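Both ligands and their constituent atoms are indexed starting at 1 by order of listing. Just so we're clear, the structure is a prediction, and the values are computed from it rather than from any experiment.
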Amino acid sequence: MTNLKKEIAKQITKATKLKQEEIENYIETPKDIKNGDYAFPCFYLAKELKKAPTQIAEELKQQIEFNSDIIEKIEVIGGYLNFFINKELLTKEVINNILCEKQYINSNIGKEKNIIIDYSGPNIAKPFHIGHLRTTLIGNSLYKVYKYLGYNTTGINHLGDYGTQFGKMIEAYKMWGNEYNLEEEPINKMMDMYVRINALCKEDEKVLANCREDFKLLENGDKYCVDLWNKFKDLSMIEFNRIYDILDIKFDSYNGEAFYADKVQEVVDILERKGKLIESEGAKIVDLEYAGISTPCIIQKTDGSSIYAARDLAAILYRARTYDFDKALYVVAYEQNLHFKQIFEVAKYIVDEKYYKGLKHVSYGMVNLPTGKMSTRLGNVVKIEDLINETISKAKDIITQKNPDLENKEEIAKKVGLGAIIFNTLSTANNKDQIFDWDQALNFQGETGPYIQYTYVRTKSILEKVGYIPKAEEINIQKLSDEYSQNIIKLIYYFEDILVQVTKKDEPSILARYLINLSKNFSIFYNENKIITQEEELQNARIGLTYAVGKILKIGASLLGMQMPDKM
Ligand code: ARG
């Protein structure tokens with residue numbers, strides 16, 4: 001669509017000394033549609049001009065020359081300069097673009113920019129539990145949005161597949177391997193072995209020493225240990241992939257921690273050369289006190305083995321070289337805030353400015369289950385797989401109740417159940433904790449995934465009833481000048497801007513809330529306006545708009561990782 005924001009920025013630029021790009025950055029979409037389509041907050045200029053924002057806004061309003069074919073009017077509200085785009089122009093833009101099957105994204109912000117996203121990263125031989133749900137889904141959605149905007153995007157699953165715990169696993173297998181059939185329920189079995197060996201290590205120093213020895217052997221490439229480690233990894237991946245398959249999530253790279261084990265030495269060498277490594281109680285550390293981080297970053301343990309942080313630093317170096325990234329996102333829980341603060345600080349010694357400035361921790365809060373029946377039913381550590389299966393079965397009950405004759409109930413229940421989980425996970429702002437509650441997440445009337453799916457299905461059934469989709473040139477845009485249609489048109493027009501905001505804040509909840517807003521406005525439109533009428537021009541216009549809403553809902557939902565059923 002034509003970028004009218006650019007047009008407005010151009011006009012403001014003429015009246016101020018700021019650069020157009022800068023102004024474009026400041027321009028917002030007002031929260032309340034009634035306040036216009038774009039707003040320029042004048043307090044950004046207040047300091048420089050030494051004037052009150054309202055006064056600046058008033059003066060700018062006088063100075064800006066506008067073409068009424070583009071801008072209908074400008075109003076000053078508070079310190080904001082609010083722009084109202086010409087209604088007909090906006091309507092034409094939306095109708096022409098959506099009905100012509102053109103690409104609606106016209107900005108080239110993503111062009112030639114490399115983004116890498118590190119997300120999911122479950123730990124081998126440990127359950128894939130709901131603590132990993134948000135990283136997996138937020139990461140997947142960001143991946144899709146960046147890609148849609150034309151960024152060159154790489155998704156990385158930084159598997160937790162290395163560390164001294166594998167020495168323990170190997171020792172446990174040596175001792176009791178024949179007691180456990182790892183092929184059935186591999187992760188549960190491996191967990192049992194791990195718990196058992198840990199208990200034994202506490203009692204028996206000799207066993208602990210053997211575990212350490214096994215880890216050394218693994219590090220040095222001993223065939224027996226490496227094969228075993230591979231077996232643990234392969235078995236775990238079978239379980240993880242079941243979940244990725246059902247969620248339809250793929251990664252471009254599965255290079256986990258183990259991949260970086262032999263790349264840590266270079267990091268140590270660089271830090272050593274720059275005089276940043278200090279010996280402390282036998283370990284090698286980088287002191288970060290100067291940067292206001294009171295806990296030093298440990299790079300190497302007393303016994304010389306590498307640790308999580310060092311492997312992450314090796315990953316930064318490797319990724320800078322391999323992907324030449326402009327931005328590297330780490331979608332990881334807030335528990336690791338300190339870890340990322342530390343390694344991003346140390347990264348300054350290891351990679352060029354372009355790279356360390358591009359590092360960003362996309363931190364998120366916890367997922368909780370409401371206490372009571374639900375948590376007990378799923379157990380203490382809630383596996384993602386169990387949550388998914390339970391939610392799909394609940395969805396099936398609801399669908400069957402609502403619509404007993406529906407065909408393909410299994411398929412639809414899967415989409416609705418997953419839609420409920422995905423939307424519930426993504427509609428909370430990253431930094432907030434969240435609760436997963438079946439009744440809430442599956443409520444067709446609430447602010448939920450199923451509500452968006454239900455709205456989409458409604459658009460579909462209207463189109464099916466009339467049996468045609470009008471062409472853009474068959475639509476008389478005058479017929480869409482009522483308030484309800486206009487609200488929808490504005491929202492559709494904002495779609496691209498919403499996606500840009502998602503990437504600016506790395507916050508899929510912006511898109512989730514937008515889709516709710518669009519769905520609600522469609523419901524109002526639907527209740528207030530007769531779509532199927534005797535008057536052909538009116539019907540064409542409203543059918544066209546209905547189609548447009550369905551299309552944006554479907555694309556938007558797919559960018560969250562949700563699929564739409566055709567019926568429900
Ligand atoms: N395996 C880690 C965990 O489960 C997450 C890995 C995050 N990515 C990273 N590069 N550190 O907590």
**OP:** Using distance alone, determine whether Asp312 and ligand 1 share an N or O pair under 3.5 Å.
**Re:** yes
Subject >> Presence of salt bridge, Asp227 and Lys223, under 4.0 angstrom >> reply: yes
**OP:** Answer yes or no: does an N/O atom from Gly121 fall short of 3.5 Å to an N/O atom of ligand 1?
**Re:** yes
**OP:** Give the numbers and elements of all ligand 1 atoms closer than 4.0 Å to a heavy atom of Asn123.
**Re:** 1 (N), 2 (C), 3 (C), 4 (O)
Subject >> Check: Phe251 ring centre within less than 6.0 Å of Tyr244 ring centre >> reply: yes
Subject >> Any N/O pair Ser120/ligand 1 closer than 3.5 Å >> reply: no
**OP:** Please check if any side-chain donor atom of Tyr146 sits under 3.5 Å from a side-chain acceptor atom of Asp506, or the reverse.
**Re:** yes
**OP:** Consider only side-chain N and O atoms of Asp269 and Gln265, and report whether a donor and an acceptor are under 3.5 Å apart.
**Re:** yes
Original post:
Can you list the atoms of ligand 1 that are under 4.0 Å from a heavy atom of His132?
Top reply: 4 (O)
Subject >> Which of the ligand 1 atoms, numbered from 1, are nearer than 4.0 Å to a heavy atom of Tyr308 >> reply: 2 (C), 5 (C), 6 (C), 7 (C), 9 (C), 11 (N)
Subject >> Under 4.0 Å to a heavy atom of Tyr330 - the qualifying atoms of ligand 1, by number >> reply: 10 (N)
Original post:
Looking only at side chains, do Asn25 and Lys19 share a donor and an acceptor under 3.5 Å apart?
Top reply: no
Original post:
Can you list the steps and then say if Lys415 with Glu411 is a side-chain contact (heavy atoms from CB on, under 4.5 Å)?
Top reply: CA-CA 7 Å; Lys415 288 181 177 169; Glu411 196 49 38; 4.1 Å; yes
Original post:
What protein heavy atom sits nearest atom 8 (N) of ligand 1, and how far away is it?
Top reply: Asp118 OD1, 3.1 Å
**OP:** Below 4.0 angstrom from a heavy atom of Gln336, which ligand 1 atoms are there? Numbered from 1 as shown, please.
**Re:** 3 (C), 12 (O)
Original post:
Salt bridge or not for Glu496 and Lys5, using N-O below 4.0 Å?
Top reply: no
**OP:** Give the residue, atom name and distance (to 0.1 Å) of the protein heavy atom nearest atom 9 (C) of ligand 1.
**Re:** His158 CD2, 3.4 Å
